[in-house]
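Notes follow the structure.
Computed from a predicted structure; not experimentally measured.
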Amino acid sequence: MSAELKYTPNEIEAKWQQFWADKKTFTVTEDPAKPKYYLLEMFPYPSGRIHMGHVRNYSIGDVVGRFKRMRGFNVLHPMGWDAFGMPAENAAIKNNSHPAAWTYENIAYMRDQLKQMGLSYDWDRELATCDVSYYRWEQKLFLEMYQKGLAYKKQSFVNWCPSCETVLANEQVEDGACWRCDNEVQQKELEQWFFRITDYAQELLDFTHKMPGWPERVLVMQRNWIGRSTGCEIDFALEGREGAIRVFTTRQDTLFGATFMSLAPEHPLALELTTPERRAEVEAFIDKVKKTDRIKRTADDFEKEGVFTGSYCVNPATGRSMPVFLANFVLVEYGTGAVMAVPTHDQRDFEFAKKYDLPLVVVIQPQGEALDPAAMAAAYTEPGVMVNSGRFDGKPSDSAKEEIADWLEQEGKGKKTVNFRLRDWGVSRQRYWGNPIPIIYCDCCGAVPVPDTDLPVVLPHDVAFTGEGGSPLARLESFITVDCPQCGKPARRETDTMDTFVESSWYFLRYCSPDFEGGMVDKARTDYWMSVDQYIGGIEHAVLHLLYARFFTKVMRDLGHISVDEPFTNLLTQGMVIKDGAKMSKSKGNVVDPDALIKKYGADTARLFSLFAAPPEKDLDWNEQGVDGCYRFLNRVWKLVHEYLSAVQGAVALDVRALTDEERTLRRAVHKTLKKVTEDIDERFHFNTAIAAVMELLNVLQGARLASPQSGAVMKEALDLLVQMLAPFVPHITEELWQQLGHTTSLADTAWPAYDPAATVDEELLIVVQVNGKLRSRLSVAVGIDEETVKAQALADDKVKVFTDGQQIRKVIYVPGKLVNIVAG
RNA sequence: GCCCAGGUGGUGGAAUUGGUAGACACGCAAGAUUCAGGUUCUUGUGCUCGCAAGGGUGUGCUGGUUCGAGUCCAGUCCUGGGCACCA
């Protein structure tokens, strides 16, 4: 093969990447004349290098983007950087550098890598969340939320390393110890900022039932996370003093069986209710619980423990005097932080009662059975028949639930309520590399928002990184010291920064008008593009990121910035990239380096393999030999086109009426493939089967012989279509071949071809003949053949007769165009 | 424990509506080209019986529905994921 005929991916790819960049092929603006399509892949954290997960994610997205573009859509396909976060700070400590330097270097390198992939991004819209031009608007939003009461401060517990004097994220706590110094981690209570996502719990839940474009399992995970439960709040009057303990329960049908009360150790009444003689023991218990880290405390094998406060309350249904305990398994954040304990019908209460020898009263029994409290080995948690419950005796517990709730409301002893598992979103991070929370603390005025005119609060550059002594910001006097915007007296800045999930909760909105100077988003432009038509990313973000982004969308809607209820119409969650049976990771040593891959095979091969090896939502098993196979395929495509180049250049115009049988058959294969590829991409996102279909077509074309003038025309059409069909998957080689086939417009700018329906119609059908459901023969018949003729042919078939001779034909079933099944016996 | 996916050749996977199971690719085997290796090309390749024609068998397991089941139903086992003291 001569040198110019050789497939040289690296040369070709650089050439066309430059071409698309020069021509600004993928730059878009709002165009009311075209249908819009907003395609988005989750933006990467600039960790240093892209990994195979990115290659896969962005290859999938690029097929959709290029395909939709060829289909006439105005495609918005942006890319950016989720650039704040802890790794930058850790790297700074380790390398004695600055998080900004580290981050921007990584971005430059990774941008280059993405460009080498040939992805169809509108790079003019690129953004980095650590840029003040981005995070300044987030500060504005924070203040708008603050004004609406959607951002607020409250006491909350954090993991605290007393030796490093710093807050630790959950993943920095290893077996209860600090990851850096190995000292014991404590729980420390700090004032922290929260977003009131719970205000939107119901709407977030309701919409999960109106999102057909999302995978059901993601919706289920979000519903579980939101965790709505309906029940009652019931007041239990305190004995011998004013006041009451309010509980939340979903099992008000067991109220008559409540024999004691369990409070969270952090409950406000915990110490108040403790009698002097119990005080020492109770305090010791509270102390012990506080020292236990939250992960351990909520582990399933954690032993139930408690302590008696010395006080009693009254069961509002029975008048029974109930001892009040503190229990380590009661969570202060959920419900009211207090639980009415029904040991006969709740397993936790049962174990607790057995341990502390508390009374058991059965109030629900299985149909036709009498439970003996003394003999019970576990709580009975199923529905049943009510007993020992006064006027409700004999009723089914299911319906009594509603009646007891009504009765409590009438008596003024309780009311029906809804509770959510979802908690407000704590956004304070005692970190440097994040968006500063724009608040000033004044001794006279309290928390004061930074005035609009003083925004943004710019993250100062000149800080020291030691990893100790808390956030670097908190030690930077020049940052902290500020005059109160209200009274002018000396005040102090908030030194906490925001959780990086905040930035990723609205970046998709900023992409619509990334240059807008007047606010977070330019409403007109954002209204044109939103919602995101297709969002693609890893399943690991099923809950947090995707829920926060939904929350922010609703908040920004209510603040008047945007018009949509939901950010992402369709969601595709792609599977992981696996090698040797495990997720790629440095520790396992099974990492494939995208740079090396592209250098050796080119981006087209890397893209093709990650699309061909598995459907997008499944895990992908990386296999070097499979990559070789894809490279071979591209070489065969290259060779095929060049082999026929001179023949098709001189080809006559295609005349479909003048084709030989052989030519028609070849053309049928081409148009059938085009039909399948179109449908596989557009309707199913099954890129692996689309590619397989093109491979099959290539096998057919390789065997073709050019015998007549028209066969040159058929081959020319075949090669044009073959190249066009492959364009979304392997854009560089196809642009090159397209040009060599004599076309002058860029392939990216051509319309996706339409298949000729007439050419896909079979002239003969293959009918499968079964006897008693077993395949025995095949018949080739004319398309329009009638049922009786097919049946007769099937029965007369020699291979069929072998199995029907001497048998009685009981029934003959004909599925038109498919098969005949003869029932004999 | 609860919920959700999934289980198909030596491997990744295909079978879109209940109608030819294993497309396509990898691997393997034989052959051609080559001094040789690599590349490229041709042929074969679920298992099994058979020289062959052909037969039997086969989609985790056990049943069921149906003329016909990888696909539907019931049960069961295994794998992966999510949730889990949430009152």
Checklist outcome for this item: Regarding the side chain of Lys639(A), the nearest nucleotide among rC85(B), rU40(B), rA87(B) is rU40(B)
Checklist entry - In the strands shown, is rA52(B) matched to any nucleotide by a Watson-Crick or G-U wobble pair with both distances under 3.5 Å, and which? => result none
Rounded [atom1] spacing from [N] to [M] in Å:
N: rU65(B); M: rU71(B); atom1: P; value: 15 Å
N: rA69(B); M: rA25(B); atom1: P; value: 31 Å
N: rC26(B); M: rC72(B); atom1: C1'; value: 34 Å

Checklist entry - Charged N to carboxylate O below 4.0 Å: is that the case for Arg223(A) and Glu216(A)? => result yes
Checklist entry - Would you say Arg776(A) reaches rG56(B)'s phosphate, i.e. side-chain N/O to OP1/OP2 under 4.0 Å? => result yes
Checklist entry - Would you say the side chain of Arg423(A) and the base of rC86(B) hold a donor-acceptor pair, judged only by whether the two atoms sit under 3.5 Å apart? => result yes
Checklist entry - Can a donor-acceptor pair be found between the side chains of Asn419(A) and Ser229(A) at a distance below 3.5 Å? => result no
Checklist outcome for this item: For nucleotides 9-28 of chain B, 5' to 3', base contacts (B), sugar-phosphate-only contacts (S) and non-contacts (-) with protein non-hydrogen atoms under 4.0 Å give ---BSSSB--BB--BBSSS-
Next on the checklist: Tell me whether the rings of Tyr356(A) and Phe352(A) are parallel (<30°), tilted (30 to 60°) or perpendicular (>60°).
Outcome noted: tilted
Next on the checklist: Filter on ring pair (Phe, Tyr, Trp, His ring centres under 6.0 Å), then keep only pairs touching residues 686-706 of chain A, sequence neighbours left out; what's left?
Outcome noted: Phe685(A)-Phe687(A)
